[in-house]
Amino acid sequence: MNNKLLVVVTGPTAVGKTSLSIELAKHFNTVIISADSRQFYKQLNIAVAKPDQNQLKEVEHHYISFLDIADYYNVAQFETDVLQKLDEIFVEKDIAFLVGGSGLYIDAVCYGIDYFPDVPEDLRNSLNNIFEQKGIEELRKILKEKDPEYYNIVDKDNPQRLLRAIEVCLITGKPFSEQRLNEPKKRNFNIIKIALNMDRAVLNERISARVDEMLDAGLIDEAKELYKYKELNSLKTVGYRELFDYIDGKYTIEEAVEKIKTNTRRYAKRQVTWLKKDESYKWFSPEQKDEIIDYITLSL
RNA sequence: GGUACCGUAGCUCAGUCGGUAGAGCGUCGGACUGAAAAUCCGCAGGUCACUGGUUCAAUUCCAGUCGGUACCA
């Protein structure tokens with residue numbers, strides 16, 4: 001353990017993570033690592049509320065716009081990448097910020113994630129085909145046979161959970177549950193974790209206002225440009241999906257905008273649910289900049 | 001002013017041949033180890049516009065009042 005410090009700054013979407021973290025990074029004269037799984041992609045800009053050019057100039061950011069929307073990427077890769085990047089950063093700096101709203105990605109950096117081999121694309125495709133043709137009951141049947149222990153605890157209504165467990169069983173030849181150690185890994189730096197939140201009604205208003213701003217900034221045009229890639233995983237994203245449906249004539253622009261707002265609210269709620277479970281977060285209002293600086297300073 | 005229809009959950013609406021009600025959406029809560037801005041689960045919520053009448057019993061039938069919509073003047 002050295003005396004280096006990673007400061008996590010997270011919270012629901014639209015709470016004000018970006019601008020606050022830039023002020024914090026400037027104050028501590030250091031860099032920001034993004035933990036926003038959709039800001040990774042260079043073609044996604046408006047809907048994912050990426051920091052703008054000026055903000056990116058003010059503070060050095062890592063892991064923003066470093067992937068193509070067609071690239072395959074995952075949490076485990078992120079863990080590896082960020083740990084390596086932190087080694088580089090901590091040569092010069094004593095402190096770094098990890099900022100974003102993707103809770104699973106933050107946890108992978110802080111606690112690690114169990115190792116599993118990559119899944120060949122055709123295996124995932126064929127399992128998806130089984131699901132589409134035979135339904136979820138078939139997935140349950142397969143998993144029950146391959147890994148009865150995990151079958152007992154898994155959410156049996158959730159196709160992604162079932163599919164993932166089956167995948168791992170098939171590529172490793174061992175039950176998923178056996179390989180899921182779920183033990184926090186040791187890090188050679190200290191970590192403090194800050195979560196930002198505010199009154200839900202106020203947050204919901206901010207979400208609504210931000211969506212309107214995105215529309216003014218040209219969100220519809222951005223969606224039209226990306227329409228041809230709509231099947232990519234990276235485009236299964238709030239703000240694009242709803243507009244793709246609008247382009248398809250599924251609903252009016254007004255309906256699509258309402259759906260973006262609703263889905264963003266739901267996303268924010270899921271983020272808060274995830275964070276509340278982790279008691280290591282220290283909660284602040286985004287206005288408590290001075291208190292946050294004091295809190296970080298005490299940990300240095 | 002007249003006629004017709006309507007007024008049930010936050011919204012859109014179902015329903016009860018009279019026995020105090022439901023669905024979708026939203027809200028709220030939750031799960032979640034390689035799709036995570038993804039995926040999945042759950043709960044709550046209604047003086048059935050108001051007042052009176054008939055009835056053992058009215059959200060339901062009747063009358064009036066108020067509000068809305070359409071058409072006629």
Side-chain angles (χ1 to χ4, degrees), chain A residues 10-15 17 34-41 44-50 69-81 100-121 123-125 127-128 131 136 139-140 150 153-168 171-172 176-185 200-201 203-204 207-208 210-211 214 231-243 251 255 258-278:
Chain A
T10 186
T13 191
V15 79
K17 296 185 290 293
S34 170
D36 246 301
S37 70
R38 293 294 130 109
Q39 294 187 1
F40 296 165
Y41 298 97
L44 308 188
N45 290 293
I46 299 172
V48 300
K50 219 179 250 178
I69 46 173
D71 289 341
Y72 175 73
Y73 197 70
N74 64 49
V75 234
Q77 190 61 48
F78 185 70
E79 177 193 1
T80 309
D81 289 347
S102 303
L104 180 66
Y105 283 65
I106 291 169
D107 286 356
V109 171
C110 296
Y111 308 124
I113 193 160
D114 288 318
Y115 170 76
F116 297 103
D118 283 341
V119 181
E121 205 183 326
L123 174 62
R124 182 164 286 191
N125 288 340
L127 287 172
N128 272 320
F131 171 52
I136 198 160
L139 299 182
R140 293 182 188 133
Y150 188 65
I153 57 165
V154 72
D155 176 356
K156 294 170 194 62
D157 292 321
N158 190 327
Q160 282 188 8
R161 292 283 118 70
L162 298 169
L163 248 4
R164 172 62 186 160
I166 293 168
E167 264 176 14
V168 173
I171 52 175
T172 62
F176 181 51
S177 54
E178 239 175 58
Q179 307 169 72
R180 231 170 53 113
L181 306 175
N182 209 2
E183 281 167 10
K185 292 182 196 164
R200 183 69 132 262
L203 184 69
N204 287 348
I207 286 170
S208 177
R210 195 175 68 168
V211 172
M214 288 175 177
E231 298 307 325
L232 293 175
N233 179 253
S234 56
L235 286 166
K236 290 180 178 166
T237 298
V238 176
Y240 297 115
R241 288 177 139 188
E242 298 83 356
L243 289 173
Y251 22 73
E255 288 169 329
E258 267 319 298
K259 292 214 184 273
I260 293 173
K261 291 178 179 179
T262 299
N263 289 333
T264 306
R265 273 182 248 129
R266 294 213 270 225
Y267 169 46
K269 191 205 313 237
R270 272 179 270 133
Q271 290 175 301
V272 173
T273 300
W274 179 279
L275 296 173
K276 277 196 290 197
K277 193 173 58 173
D278 185 339

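- A/D107 places a side-chain heavy atom less than 4.5 Å from the side chain of A/W274.
- Pairing of B/U60, defined by two Watson-Crick or G-U wobble distances under 3.5 Å, is not identified with any nucleotide.
- Counting non-hydrogen atoms under 4.0 angstrom, A/Y240 reaches nothing in the nucleic acid.
- Distances were taken from every side-chain heavy atom of A/V238 (C-beta onward) to each of B/A37, B/G34, B/C28; the shortest belongs to B/A37.
- The distance from the CG atom of A/N128 to the CD atom of A/E167 is 8.0 Å, given to the nearest 0.5 Å.
- Distance check, rounded to the nearest 0.5 Å: NZ of A/K236 to CG of A/N233 gives 6.0 Å.
- If you measure from atom CD of A/E231 to atom P of B/A38, you get 15 Å, rounded to the nearest angstrom.
- Using P as the reference atom, B/U59 and B/G53 are 13 Å apart when rounded to the nearest Å.
- Separating the P atom of B/A49 from that of B/G19 is a span of 16 Å, rounded to the nearest Å.
- For A/R164 and B/C40, the CZ to C1' distance is 17 Å, given to the nearest whole Å.
- If you check every strand for non-hydrogen atoms under 4.0 Å, A/F78 touches nothing.
- With RNA chain B read from its 5' end, the first of the two nearest nucleotides for A/A49 and A/K261 is the one closest to A/K261.
- Comparing the C1' positions of B/G67 and B/A31 gives a spacing of 46 Å, expressed to the nearest Å.
- When distances are taken from the side chain of A/R265 to each of B/A36, B/G26, B/G34, the shortest belongs to B/G26.
- Nucleic acid contact for A/I106: none, since no nucleic acid atom lies under 4.0 Å from a heavy atom of the residue.
- Side-chain contact of A/T264 with A/R210: a donor-acceptor pair under 3.5 Å is absent, judged by distance alone.
- With a cut-off of 3.5 Å on both pairing distances, the Watson-Crick or G-U wobble partner of B/A70 is B/U3.
- In this model, the phosphate group of B/U27 is not approached by any side-chain N or O of A/N204 to a distance below 4.0 Å at OP1 or OP2.
- Within 4.0 Å of A/T262, counting heavy atoms only, lie sugar-phosphate atoms of the nucleic acid but no base atom.
- The line from NZ of A/K50 to CG of A/L44 is 6.0 Å long, rounded to the nearest 0.5 Å.
- Atoms NZ (A/K259) and C1' (B/G24) sit 11 Å apart, rounded to a whole Å.
- Base-pair partner of B/C17: not found among the strands shown (Watson-Crick or G-U wobble, both distances under 3.5 Å).
- Counting any heavy atom pair closer than 4.0 Å across all strands shown, A/D157 reaches sugar-phosphate atoms only and no base atom.
- Taking the six-membered ring for Trp and thresholds of 30 and 60 degrees, A/F40 and A/Y73 have ring planes more than 60 degrees apart, a perpendicular arrangement.
- When rounded to the nearest whole Å, the span between OH of A/Y73 and P of B/A36 equals 11 Å.
- The separation of B/A4 from B/C61, taken at their P atoms, amounts to 16 Å, rounded to a whole angstrom.
- The A/N128 side chain lies nearest to B/A35 when the options are B/U33, B/A37, B/A35.
- Of all nucleotides present, none satisfies the Watson-Crick or G-U wobble test against B/A37 with each distance under 3.5 Å.
- Counting heavy atoms from C-beta on, the side chains of A/T13 and A/Q271 come closer than 4.5 Å.
- Following rounding to the nearest Å, A/E255 (CD) and B/G24 (P) show an atom-to-atom distance of 19 Å.
- Contacts of A/Y72 with the nucleic acid, taken as non-hydrogen atoms under 4.0 Å apart, involve only primed sugar atoms and P, OP1 or OP2.
- Across B/A35 and B/G42, the matching C1' atoms stand 24 Å from one another, rounded to whole Å.
- Proximity note for A/R241 (side chain, C-beta onward) versus B/G34, B/A38, B/U27: the nearest is B/A38.
- Proximity of A/Y105 to the phosphate of B/A36: a side-chain N or O atom is located under 4.0 Å from OP1 or OP2.
- Between B/G7 and B/U65, the two C1' atoms lie 14 Å apart (nearest whole Å).
- Note on A/Y115: a base of the nucleic acid sits closer than 4.0 angstrom, heavy atoms only.
- With a glycosidic angle no more than 90° from 0, B/G34 adopts the syn conformation.
- A distance-only check finds no donor-acceptor pair linking the side chain of A/Q179 to the backbone of A/Y115 [under 3.5 Å].
- The CD atom of A/E258 sits 14 Å away from the C1' atom of B/G10 (whole-angstrom rounding).
- Searching all strands for a Watson-Crick or G-U wobble partner of B/A23 with both distances below 3.5 Å returns B/U12.
- Looking at heavy-atom distances under 4.0 Å, A/A108 makes no contact with the nucleic acid at all.
- Between B/A37, B/A38, B/G34, one nucleotide has an atom nearer to the side chain of A/Q160 than all others, and that is B/A38.
- Side chain of A/R266, nearest nucleotide from B/U27, B/U39, B/U33: B/U27.
- Relative to the side chain of A/R200, the nucleotides B/A37, B/A35, B/G29 differ in distance, and B/G29 lies closest.
- Not one side-chain nitrogen or oxygen of A/T237 sits closer than 4.0 Å to the OP1 or OP2 atom of B/A38.
- Figure legend: A/R164 and A/F116 shown as a cation-pi pair, the cationic atom lying under 6.0 angstrom from the six-membered ring centre and within 45 degrees of its axis.
- Taking CG from A/L139 and CD1 from A/I166, the interatomic distance works out to 5.0 Å, rounded to the nearest 0.5 Å.
- B/C6 sits 15 Å from B/U60 when the C1' atoms are compared, rounded to a whole Å.
- B/G22 and B/A44 have their P atoms separated by 12 Å, given to the nearest Å.
- Protein atom CG of A/L139 is 15 Å distant from nucleotide atom P of B/A35, rounded to whole Å.
- Residue-level contact check: A/N263 touches neither bases nor backbone, having no heavy atom under 4.0 Å from any strand.
- In this structure a side-chain-to-backbone donor-acceptor pair under 3.5 Å is missing from A/R241 to A/I260.
- Computed from coordinates, the A/I260 CD1 to B/C25 C1' distance equals 18 Å when rounded to whole Å.
- Across all strands shown, B/G42 forms a Watson-Crick or G-U wobble pair with B/C28, both key distances being under 3.5 Å.
- Residue A/V119 is classed as having no contact, given no heavy-atom separation below 4.0 Å to the nucleic acid.
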I'd like a list of close polar pairs between nucleotides 30-32 of chain B and the protein, N/O only, cut-off under 3.5 Å.
| unit_1 | atom_1 | unit_2 | atom_2 | d |
| --- | --- | --- | --- | --- |
| B/G30 | OP1 | A/K276 | NZ | 3.3 |
| B/G30 | OP2 | A/T273 | OG1 | 3.4 |
| B/G30 | OP2 | A/K276 | NZ | 3.2 |
| B/C32 | OP2 | A/K277 | NZ | 2.9 |
| B/C32 | O2' | A/R161 | NE | 3.1 |
| B/C32 | O2' | A/R161 | NH1 | 3.2 |
| B/C32 | O2' | A/R161 | NH2 | 3.0 |

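- At distances below 3.5 Å, not a single donor-acceptor pair connects side-chain atoms of A/K261 with backbone N or O atoms of A/V211.
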